[in-house]
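The structure appears below as structure tokens.
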Protein chains: 2
Amino acid sequence: MTAAPSPLSPADRPRPGLRERKKIKTREAIRSATYALVGEQGYDATTIEQIAERAEVSPSTVFRYFPTKEDIVLTDEYDPLMVRELRSRPAGEPWMDSLRYVMDKSIDAMARENPEVLRMRAHLGVQVPAVRSRMVESMSETGRLLRGALAERAGLDPDALEVRVYAMSLVGGMMEVYMAWAENDFEGDLRDLVHRALDVLEHGLPTGNP
Amino acid sequence: MTAAPSPLSPADRPRPGLRERKKIKTREAIRSATYALVGEQGYDATTIEQIAERAEVSPSTVFRYFPTKEDIVLTDEYDPLMVRELRSRPAGEPWMDSLRYVMDKSIDAMARENPEVLRMRAHLGVQVPAVRSRMVESMSETGRLLRGALAERAGLDPDALEVRVYAMSLVGGMMEVYMAWAENDFEGDLRDLVHRALDVLEHGLPTGNP
DNA sequence: CCATGAAATGACAGTAACTATCAAAACAAG
DNA sequence: CTTGTTTTGATAGTTACTGTCATTTCATGG
């Protein structure tokens with residue numbers, strides 16, 4: 001139980017403090033060491049020990065910051081942001097439009113801040129089963145959060161089977177877009193692909209049965 | 001590439017032979033030892049060593065038969081059967097009807113042959129992340145196979161983004177039904193739930209935007 | 001029935017991701 | 001600078017999984 005972040009005022013945190021600053025630095029060191037090593041040697045060939053060494057911390061510390069190796073590569077803070085953004089959309093807006101907007105915005109943010117991570121992750125997702133797994137799991141959690149917003153809009157119970165299925169099929173679809181993007185060597189704009197995917201989820205297959 | 005199983009004639013295999021029979025027995029022994037132990041102690045508390053001991057084989061042998069612990073619990077032969085069944089449906093039949101039919105038939109078969117396994121798997125899927133992971137992976141493979149049949153029917157390229165997304169959203173939806181079933185203590189007929197899920201995938205949410 | 005080759009098994013050693021524990025070091029606050 | 005708290009590192013252990021090689025078990029032809 002953390003102390004209720006409150007609506008996240010930008011300047012009300014009591015100042016970073018040396019301790020906090022160091023933690024952030026360590027986190028970053030571990031992450032970038034990992035990205036570097038994985039880029040050089042591949043995911044499986046990179047051990048926690050190597051990561052610890054390059055980040056200049058002990059292996060224990062690595063595990064203290066990240067529960068699993070996959071998390072080092074995948075963890076970020078975009079998901080809760082996405083849900084918040086979604087909830088703040090006008091209630092009258094068609095559901096799919098909201099989704100499109102939020103997806104665009106998230107991808108934009110990610111692509112602006114660290115585009116190479118966006119790609120490396122997709123690439124690892126395609127190649128390393130454990131990473132793909134963790135990615136699905138993470139997207140499923142987002143899907144669970146989405147259910148709340150979704151049920152609200154549709155006037156349904158968030159735990160109703162229909163809502164669950166809808167949210168999860170969305171997750172499956174989004175995951176596939178991401179993987180397909182990587183498999184086709186990142187050809188095309190990811191946002192365009194996402195739009196095409198959402199069209200499919202909304203209207204079914206183009207030439208399919210009506 | 002296996003040697004084309006041919007339409008699976010029932011009596012054309014050259015006779016089991018002692019060796020083959022023993023292999024099947026060992027496989028079964030490992031599987032049922034695992035189910036028993038997992039039932040008694042839970043999944044995580046059950047080690048390969050214990051499984052080997054109860055199945056009266058060496059740990060090495062366990063790994064020779066199953067690549068991972070999760071596979072012991074999840075492996076079966078229903079998936080290819082499902083795809084074959086799907087392909088043999090009349091070409092004119094609406095896609096969703098085919099799917100409904102095939103899902104019904106698969107679930108029936110599974111529920112008839114070993115209903116407790118059907119439930120234990122779902123239960124483990126809910127509780128053990130590694131099992132859920134492997135399950136998603138397995139369903140995704142089925143989804144990949146489905147793409148072939150699906151694209152054929154819709155007159156599309158199996159590798160087209162739209163087809164991929166559609167197949168994968170289906171997988172996500174089906175996975176969620178299975179998990180929801182277990183979470184609600186297996187209330188209701190699984191086939192009915194699947195039908196409701198397919199309705200959602202076909203028509204969207206009941207009260208949602210049109 | 002037996003000899004020969006092939007497949008399956010078991011024993012052994014090793015790797016790497018985690019977990020648990022506890023003492024030492026780094027910071028915070030008075 | 002002292003005292004209390006948080007963070008770190010060292011160490012030992014567990015377990016899934018891999019690789020290797022000698023031994024055992026089945027298949028087959030004579």
Side-chain angles (χ1 to χ4, degrees), chain A residues 1-3 13-31 33-34 37-38 40-75 124 128-135 137, chain B residues 13-31 33-34 37-38 41-75 124 128-135 137:
Chain A
M1 307 288 174
T2 54
R13 7 187 189 200
R15 269 154 263 169
L18 180 53
R19 218 152 217 172
E20 301 304 314
R21 264 177 288 149
K22 265 204 165 177
K23 281 218 270 190
I24 294 175
K25 261 185 144 178
T26 305
R27 235 186 139 70
E28 259 337 288
I30 293 172
R31 248 202 284 256
T34 305
L37 283 166
V38 167
E40 293 167 17
Q41 321 173 331
Y43 183 84
D44 288 327
T46 300
T47 72
I48 299 282
E49 218 171 336
Q50 294 173 330
I51 293 171
E53 194 181 356
R54 183 164 308 195
E56 309 200 56
V57 294
S58 74
S60 313
T61 299
V62 175
F63 284 117
R64 242 181 232 110
Y65 278 78
F66 301 94
T68 71
K69 195 173 153 189
E70 296 88 52
D71 282 283
I72 308 179
V73 172
L74 295 178
T75 303
L124 289 177
V128 185
V131 172
R132 181 170 52 249
S133 261
R134 186 68 189 73
M135 212 147 92
E137 198 70 15
Chain B
R13 3 182 194 204
R15 266 156 265 169
L18 179 53
R19 218 154 219 172
E20 301 303 315
R21 263 176 290 149
K22 266 203 163 177
K23 281 217 272 191
I24 293 176
K25 262 185 143 178
T26 304
R27 236 186 139 70
E28 261 335 289
I30 293 172
R31 247 203 283 255
T34 305
L37 283 166
V38 167
Q41 323 175 330
Y43 183 84
D44 288 326
T46 300
T47 71
I48 299 284
E49 217 171 337
Q50 293 173 330
I51 294 171
E53 194 181 354
R54 185 165 304 197
E56 308 200 58
V57 295
S58 73
S60 314
T61 299
V62 175
F63 285 116
R64 247 184 228 106
Y65 279 78
F66 299 94
T68 72
K69 195 174 152 189
E70 297 86 55
D71 280 282
I72 308 180
V73 172
L74 295 178
T75 305
L124 289 177
V128 186
V131 172
R132 183 170 51 249
S133 260
R134 186 66 189 76
M135 212 148 93
E137 199 70 14

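Treat the numbers as computed from the prediction; the structure is a model and nothing was measured. Per chain, numbering begins at 1; letters A, B, ... match sequence-line order.
- Between the OG1 atom of B:T26 and the CZ atom of B:R21 there is a distance of 12.5 Å, given to the nearest 0.5 Å.
- A:A52 approaches A:S58 most closely through the heavy-atom pair CB-C, 3.8 Å.
- Within the 4.0 angstrom heavy-atom criterion, only backbone atoms of the sugar-phosphate kind lie near A:P67; the bases stay farther away.
- Using a 4.0 Å cut-off, some side-chain N or O of B:T61 falls inside it from OP1 or OP2 of C:dG10.
- Nearest-nucleotide assignment on DNA chain D puts the 5′-proximal partner with A:Y65, out of B:T47 and A:Y65.
- Of all the heavy atoms in A:L37 and A:R54, the pair that sits closest is CD2-NH2, 3.3 Å.
- Within 6.0 Å of CD in B:E56 there are 12 or fewer heavy atoms belonging to other residues, nucleotides or ligands.
- At the heavy-atom level, A:F66 lies nowhere under 4.0 Å from the strands shown.
- Following rounding to the nearest Å, A:I72 (CD1) and C:dA16 (C1') show an atom-to-atom distance of 13 Å.
- Rounded to an integer number of Å, the gap from CD1 of B:I48 to C1' of C:dA11 is 17 Å.
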Verdict with reasoning, B:R31 to B:E28, per salt bridge (charged side-chain N to carboxylate O under 4.0 Å, His left out): CA-CA 5 Å; B:R31 247 203 283 255; B:E28 261 335 289; 3.5 Å; yes
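- Separating the CZ atom of B:R21 from the C1' atom of C:dA8 is a distance of 16 Å, rounded to the nearest angstrom.
- To the nearest angstrom, P of D:dG9 lies 14 Å from CZ of A:F63.
- Across the protein-nucleic acid pair, B:D44 atom CG and C:dT19 atom P stand 11 Å apart, rounded to whole Å.
- Comparing B:K69 and A:T26 by the nucleotide of DNA chain D whose heavy atom lies nearest to each, the residue mapping closer to the 5' end is A:T26.
- Distance A:K25 NZ to C:dC27 P: 11 Å, rounded to the nearest Å.
- To the nearest 0.5 angstrom, A:I30 atom CD1 is 9.0 Å from A:I48 atom CD1.
- Rounded to an integer number of Å, the gap from B:E49 CD to D:dC17 P is 14 Å.
- Around the CD atom of A:Q41, the shell of radius 6.0 Å holds more than 12 heavy atoms that belong to other residues, nucleotides or ligands.
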Letter per nucleotide, 5' to 3', of nucleotides 20-30 of chain D [B base touched, S only sugar-phosphate touched, - untouched; heavy atoms, 4.0 Å]: -----BBS---
